[in-house]
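These values consider heavy atoms only, across backbone and side chains, with no hydrogens, waters or symmetry-generated copies. We name chains A, B, ... by the order of the sequence lines, and we start the count at 1 in each one.
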2 protein chains.
Amino acid sequence: MAKNTKSVAAKTDPRLSERDFERIARALAEPRRVDILKAIGSKDTPTPCAALLEVQKVSPATMSHHLKELETACLIDVVRDGRCVNLSLRRDVLQAYLDRLAKI
Amino acid sequence: MAKNTKSVAAKTDPRLSERDFERIARALAEPRRVDILKAIGSKDTPTPCAALLEVQKVSPATMSHHLKELETACLIDVVRDGRCVNLSLRRDVLQAYLDRLAKI
DNA sequence: CACATAGTTCGATGGTTATCATAATATCGA
DNA sequence: TCGATATTATGATAACCATCGAACTATGTG
(Lines give C-alpha, C1' and ligand atoms only; values in the text may rest on other atoms or scores of the structure.)
Protein backbone atom coordinates (compact mmCIF):
# COMPACT_ATOMS: atom_id res chain seq x y z
CA MET A 1 0.00 0.00 0.00
CA ALA A 2 2.89 2.33 0.67
CA LYS A 3 4.00 1.79 -2.90
CA ASN A 4 1.06 3.63 -4.34
CA THR A 5 0.91 6.25 -1.64
CA LYS A 6 4.37 7.32 -2.60
CA SER A 7 3.32 8.04 -6.15
CA VAL A 8 1.64 11.20 -4.90
CA ALA A 9 4.02 13.97 -3.96
CA ALA A 10 4.25 15.69 -0.61
CA LYS A 11 1.21 17.12 1.06
CA THR A 12 1.48 20.48 -0.64
CA ASP A 13 0.70 20.64 -4.33
CA PRO A 14 0.69 16.96 -5.19
CA ARG A 15 1.40 16.06 -8.81
CA LEU A 16 -0.88 13.32 -9.94
CA SER A 17 0.53 10.66 -12.18
CA GLU A 18 -1.69 9.26 -14.86
CA ARG A 19 -2.20 6.22 -12.67
CA ASP A 20 -3.16 8.36 -9.68
CA PHE A 21 -5.60 10.29 -11.81
CA GLU A 22 -7.32 7.15 -13.05
CA ARG A 23 -7.45 5.64 -9.60
CA ILE A 24 -9.06 8.74 -8.15
CA ALA A 25 -11.63 8.82 -10.92
CA ARG A 26 -12.54 5.21 -10.30
CA ALA A 27 -12.68 5.76 -6.55
CA LEU A 28 -15.09 8.65 -7.03
CA ALA A 29 -17.28 6.64 -9.40
CA GLU A 30 -18.83 4.75 -6.53
CA PRO A 31 -21.51 6.80 -4.73
CA ARG A 32 -20.87 4.99 -1.49
CA ARG A 33 -17.26 6.12 -1.49
CA VAL A 34 -18.26 9.69 -2.17
CA ASP A 35 -20.57 9.48 0.83
CA ILE A 36 -17.71 8.18 2.91
CA LEU A 37 -15.52 11.03 1.75
CA LYS A 38 -18.23 13.51 2.65
CA ALA A 39 -18.50 12.07 6.14
CA ILE A 40 -14.76 12.16 6.63
CA GLY A 41 -14.50 15.65 5.22
CA SER A 42 -17.30 17.09 7.29
CA LYS A 43 -15.15 17.10 10.42
CA ASP A 44 -11.87 18.80 11.08
CA THR A 45 -10.72 15.94 13.24
CA PRO A 46 -9.94 12.45 11.87
CA THR A 47 -12.97 10.18 11.64
CA PRO A 48 -12.94 6.78 13.36
CA CYS A 49 -13.80 3.89 11.10
CA ALA A 50 -16.47 2.77 13.56
CA ALA A 51 -18.24 6.10 13.18
CA LEU A 52 -18.55 5.50 9.46
CA LEU A 53 -20.09 2.09 10.05
CA GLU A 54 -22.81 3.67 12.15
CA VAL A 55 -23.91 5.76 9.19
CA GLN A 56 -23.19 3.60 6.16
CA LYS A 57 -25.22 0.43 5.94
CA VAL A 58 -22.52 -1.93 4.86
CA SER A 59 -20.65 -4.75 6.50
CA PRO A 60 -17.28 -4.03 8.10
CA ALA A 61 -15.67 -6.05 5.32
CA THR A 62 -17.19 -3.86 2.66
CA MET A 63 -16.26 -0.69 4.51
CA SER A 64 -12.70 -1.91 4.80
CA HIS A 65 -12.66 -2.56 1.08
CA HIS A 66 -13.86 0.95 0.24
CA LEU A 67 -11.42 2.55 2.64
CA LYS A 68 -8.61 0.67 0.99
CA GLU A 69 -9.69 1.93 -2.40
CA LEU A 70 -9.77 5.49 -1.11
CA GLU A 71 -6.38 5.07 0.50
CA THR A 72 -4.89 3.58 -2.65
CA ALA A 73 -6.21 6.56 -4.54
CA CYS A 74 -4.51 8.79 -1.95
CA LEU A 75 -7.83 10.44 -1.19
CA ILE A 76 -7.60 9.66 2.52
CA ASP A 77 -4.95 9.28 5.15
CA VAL A 78 -5.25 6.22 7.34
CA VAL A 79 -3.79 6.27 10.82
CA ARG A 80 -4.01 3.37 13.21
CA ASP A 81 -4.48 4.11 16.90
CA GLY A 82 -4.61 0.90 18.85
CA ARG A 83 -7.57 -1.09 17.67
CA CYS A 84 -9.10 1.87 15.88
CA VAL A 85 -8.38 3.40 12.53
CA ASN A 86 -8.80 7.11 11.91
CA LEU A 87 -9.43 8.59 8.50
CA SER A 88 -8.81 12.06 7.21
CA LEU A 89 -9.53 13.58 3.84
CA ARG A 90 -6.63 14.62 1.66
CA ARG A 91 -8.07 17.80 0.32
CA ASP A 92 -4.87 18.57 -1.54
CA VAL A 93 -5.22 15.42 -3.62
CA LEU A 94 -8.90 16.03 -4.26
CA GLN A 95 -8.08 19.56 -5.33
CA ALA A 96 -5.30 18.34 -7.59
CA TYR A 97 -7.78 16.03 -9.24
CA LEU A 98 -10.28 18.84 -9.74
CA ASP A 99 -7.57 21.08 -11.17
CA ARG A 100 -6.61 18.39 -13.61
CA LEU A 101 -10.18 17.82 -14.73
CA ALA A 102 -10.75 21.54 -15.11
CA LYS A 103 -8.04 21.60 -17.78
CA ILE A 104 -10.16 19.53 -20.13
CA MET B 1 -31.95 9.78 -24.19
CA ALA B 2 -33.81 13.06 -24.09
CA LYS B 3 -35.28 12.01 -20.78
CA ASN B 4 -31.97 12.19 -19.02
CA THR B 5 -30.76 15.21 -20.88
CA LYS B 6 -33.67 17.12 -19.50
CA SER B 7 -32.66 16.40 -15.95
CA VAL B 8 -29.87 18.89 -16.35
CA ALA B 9 -31.01 22.48 -16.30
CA ALA B 10 -30.43 25.07 -18.97
CA LYS B 11 -26.98 25.72 -20.32
CA THR B 12 -26.11 28.27 -17.69
CA ASP B 13 -25.59 27.04 -14.16
CA PRO B 14 -26.98 23.54 -14.46
CA ARG B 15 -28.17 21.91 -11.26
CA LEU B 16 -27.06 18.32 -11.10
CA SER B 17 -29.43 15.80 -9.64
CA GLU B 18 -27.99 13.00 -7.60
CA ARG B 19 -28.44 10.75 -10.60
CA ASP B 20 -26.65 13.17 -12.89
CA PHE B 21 -23.82 13.44 -10.42
CA GLU B 22 -23.36 9.68 -10.22
CA ARG B 23 -23.58 9.28 -13.97
CA ILE B 24 -20.92 11.88 -14.55
CA ALA B 25 -18.63 10.27 -12.00
CA ARG B 26 -19.01 6.91 -13.72
CA ALA B 27 -18.48 8.43 -17.13
CA LEU B 28 -15.25 10.01 -15.96
CA ALA B 29 -14.02 6.79 -14.39
CA GLU B 30 -13.08 5.41 -17.77
CA PRO B 31 -9.77 6.84 -19.04
CA ARG B 32 -10.84 6.37 -22.64
CA ARG B 33 -13.83 8.62 -22.11
CA VAL B 34 -11.68 11.26 -20.50
CA ASP B 35 -9.43 11.13 -23.54
CA ILE B 36 -12.46 11.54 -25.77
CA LEU B 37 -13.59 14.52 -23.72
CA LYS B 38 -10.13 16.06 -24.02
CA ALA B 39 -10.21 15.66 -27.79
CA ILE B 40 -13.66 17.18 -28.04
CA GLY B 41 -12.78 19.99 -25.68
CA SER B 42 -9.53 20.90 -27.41
CA LYS B 43 -11.40 22.55 -30.30
CA ASP B 44 -13.84 25.40 -30.26
CA THR B 45 -15.81 23.84 -33.08
CA PRO B 46 -17.80 20.59 -32.71
CA THR B 47 -15.77 17.46 -33.30
CA PRO B 48 -16.87 14.93 -35.92
CA CYS B 49 -17.18 11.39 -34.62
CA ALA B 50 -14.94 10.19 -37.43
CA ALA B 51 -12.15 12.44 -36.19
CA LEU B 52 -12.28 10.72 -32.82
CA LEU B 53 -12.01 7.32 -34.44
CA GLU B 54 -8.80 8.39 -36.14
CA VAL B 55 -7.19 9.02 -32.78
CA GLN B 56 -8.77 6.51 -30.45
CA LYS B 57 -7.97 2.91 -31.25
CA VAL B 58 -11.38 1.42 -30.76
CA SER B 59 -14.02 -0.01 -33.04
CA PRO B 60 -16.89 2.21 -34.17
CA ALA B 61 -19.19 0.16 -31.96
CA THR B 62 -17.12 0.87 -28.89
CA MET B 63 -16.83 4.54 -29.74
CA SER B 64 -20.57 4.74 -30.14
CA HIS B 65 -21.00 3.14 -26.75
CA HIS B 66 -18.69 5.64 -25.05
CA LEU B 67 -20.32 8.59 -26.75
CA LYS B 68 -23.69 7.41 -25.55
CA GLU B 69 -22.39 7.21 -22.00
CA LEU B 70 -21.03 10.74 -22.25
CA GLU B 71 -24.27 11.99 -23.71
CA THR B 72 -26.34 10.27 -21.04
CA ALA B 73 -24.15 11.95 -18.46
CA CYS B 74 -24.85 15.26 -20.22
CA LEU B 75 -21.14 15.81 -20.67
CA ILE B 76 -21.43 16.23 -24.43
CA ASP B 77 -23.93 17.56 -26.92
CA VAL B 78 -24.60 15.33 -29.90
CA VAL B 79 -25.77 16.88 -33.15
CA ARG B 80 -26.47 14.90 -36.29
CA ASP B 81 -25.58 16.46 -39.62
CA GLY B 82 -26.45 14.13 -42.44
CA ARG B 83 -24.45 10.96 -42.00
CA CYS B 84 -22.07 12.59 -39.54
CA VAL B 85 -22.36 13.22 -35.86
CA ASN B 86 -20.72 16.21 -34.21
CA LEU B 87 -19.80 16.34 -30.57
CA SER B 88 -19.25 19.30 -28.31
CA LEU B 89 -18.21 19.46 -24.69
CA ARG B 90 -20.69 20.79 -22.17
CA ARG B 91 -18.29 22.76 -20.05
CA ASP B 92 -21.10 24.01 -17.86
CA VAL B 93 -21.96 20.49 -16.80
CA LEU B 94 -18.35 19.58 -16.22
CA GLN B 95 -17.93 22.72 -14.14
CA ALA B 96 -21.07 21.94 -12.16
CA TYR B 97 -19.64 18.54 -11.38
CA LEU B 98 -16.35 20.05 -10.25
CA ASP B 99 -18.17 22.59 -8.09
CA ARG B 100 -20.13 19.82 -6.47
CA LEU B 101 -17.03 17.74 -5.76
CA ALA B 102 -15.24 20.76 -4.36
CA LYS B 103 -17.87 21.02 -1.64
CA ILE B 104 -16.75 17.75 -0.10
C1' DC C 1 -31.96 2.10 -57.94
C1' DA C 2 -27.41 0.26 -56.48
C1' DC C 3 -23.59 1.14 -53.77
C1' DA C 4 -20.80 3.26 -50.43
C1' DT C 5 -20.29 5.80 -46.06
C1' DA C 6 -21.23 6.91 -41.00
C1' DG C 7 -23.05 5.39 -36.96
C1' DT C 8 -25.95 2.36 -34.13
C1' DT C 9 -27.79 -1.87 -32.16
C1' DC C 10 -27.37 -6.64 -30.69
C1' DG C 11 -25.30 -10.51 -28.64
C1' DA C 12 -21.39 -12.62 -26.74
C1' DT C 13 -17.22 -12.62 -24.05
C1' DG C 14 -13.91 -11.56 -20.69
C1' DG C 15 -12.53 -8.68 -17.03
C1' DT C 16 -13.59 -5.81 -13.01
C1' DT C 17 -15.73 -5.00 -8.71
C1' DA C 18 -19.26 -4.42 -4.80
C1' DT C 19 -20.94 -7.24 -1.43
C1' DC C 20 -21.02 -10.44 2.26
C1' DA C 21 -19.94 -14.47 5.47
C1' DT C 22 -16.36 -16.44 7.59
C1' DA C 23 -11.90 -16.71 9.36
C1' DA C 24 -7.86 -14.42 10.82
C1' DT C 25 -5.18 -10.70 13.15
C1' DA C 26 -4.36 -7.25 16.52
C1' DT C 27 -5.24 -4.75 20.64
C1' DC C 28 -7.20 -3.74 24.96
C1' DG C 29 -9.29 -4.72 29.61
C1' DA C 30 -10.14 -7.87 33.46
C1' DT D 1 -4.11 -15.36 29.88
C1' DC D 2 -9.02 -15.07 28.40
C1' DG D 3 -12.48 -12.80 26.15
C1' DA D 4 -14.19 -8.87 23.83
C1' DT D 5 -13.65 -5.34 20.33
C1' DA D 6 -11.98 -3.36 15.76
C1' DT D 7 -10.41 -4.13 11.53
C1' DT D 8 -8.51 -6.93 7.65
C1' DA D 9 -7.94 -10.92 4.59
C1' DT D 10 -10.04 -14.67 1.92
C1' DG D 11 -13.18 -16.76 -1.05
C1' DA D 12 -17.52 -16.79 -3.36
C1' DT D 13 -21.25 -14.68 -5.85
C1' DA D 14 -23.58 -11.57 -8.66
C1' DA D 15 -23.75 -7.44 -11.16
C1' DC D 16 -21.62 -4.34 -14.12
C1' DC D 17 -19.08 -2.91 -18.14
C1' DA D 18 -15.54 -2.41 -22.08
C1' DT D 19 -14.83 -4.54 -26.21
C1' DC D 20 -15.73 -6.43 -30.64
C1' DG D 21 -17.95 -8.64 -34.87
C1' DA D 22 -21.92 -8.80 -37.40
C1' DA D 23 -26.17 -7.12 -38.70
C1' DC D 24 -28.82 -3.01 -39.24
C1' DT D 25 -30.36 1.97 -40.26
C1' DA D 26 -29.88 6.16 -42.41
C1' DT D 27 -27.88 9.15 -45.60
C1' DG D 28 -25.40 10.64 -49.54
C1' DT D 29 -23.61 9.65 -54.46
C1' DG D 30 -23.28 7.67 -58.96
Can you tell me if the side-chain N/O atoms of [X] get under 4.0 Å from OP1 or OP2 in [N]?
X	N	result
B:Arg32	D:dT19	yes
A:Lys68	D:dT7	no
A:Arg33	C:dA18	yes

Note to self: Among residues 34-62 of chain A, which ones have heavy-atom contacts with DNA chain D below 4.0 Å?
What the structure shows: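 Close to the strand are A:Cys49, A:Ala50, A:Pro60, A:Ala61.
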Next item on the list: Might you point out which heavy atoms bring B:Lys57 and B:Arg32 nearest each other, and give the distance in Å?
Entry: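 Smallest interatomic distance, heavy atoms only, reads O-NH2, 4.2 Å.
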Note to self: Considering every strand and a 4.0 Å limit on heavy-atom distances, what is the contact class for B:His66: base, sugar-phosphate, or nothing?
What the structure shows: sugar-phosphate
Could you tell me how far apart [X] ([atom1]) and [N] ([atom2]) are, to the nearest whole angstrom?
X	N	atom1	atom2	result
B:Leu70	D:dC17	CG	P	14 Å
A:Glu69	D:dA9	CD	P	12 Å
B:Asp81	C:dT5	CG	C1'	14 Å
A:Asn86	D:dA6	CG	C1'	12 Å
A:Met63	D:dA9	CE	C1'	17 Å
B:His65	C:dT13	NE2	P	18 Å
A:Leu67	D:dT7	CG	P	9 Å

Note to self: Using the side-chain heavy atoms of B:Arg83, tell me which of these nucleotides is nearest: D:dT27, C:dG7, C:dT8.
What the structure shows: D:dT27
Check: How many angstroms lie between atom CG of A:Asp81 and atom SG of A:Cys49, to the nearest 0.5 angstrom?
Finding: 13.0 Å
Check: When rounded to the nearest 0.5 angstrom, what is the spacing between CG in A:Leu16 and CZ in A:Phe21?
Finding: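 Spacing of CG (A:Leu16) from CZ (A:Phe21) equals 8.0 Å.
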Check: If each of A:Arg26 and A:Gly82 is mapped to the nucleotide of DNA chain C with the nearest heavy atom, which maps nearer the 5' terminus, i.e. the 5' end?
Finding: A:Arg26
Margin query: Strictly below 4.0 Å, N to O, side chains only: are B:Arg26 and B:Glu69 in salt-bridge contact?
Written below: no
Next item on the list: May I ask you to say whether A:Arg100 pairs ionically with A:Glu18, meaning some side-chain N is under 4.0 Å from a carboxylate O?
Entry: yes
Check: So do B:Asn86 and B:Thr47 actually touch side chain to side chain, heavy atoms under 4.5 Å?
Finding: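 Side-chain contact under 4.5 Å: no.
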Note to self: For the backbone of A:Ala27 and the side chain of A:Arg33, can you confirm whether one donor and one acceptor N or O come within less than 3.5 Å of each other?
What the structure shows: yes
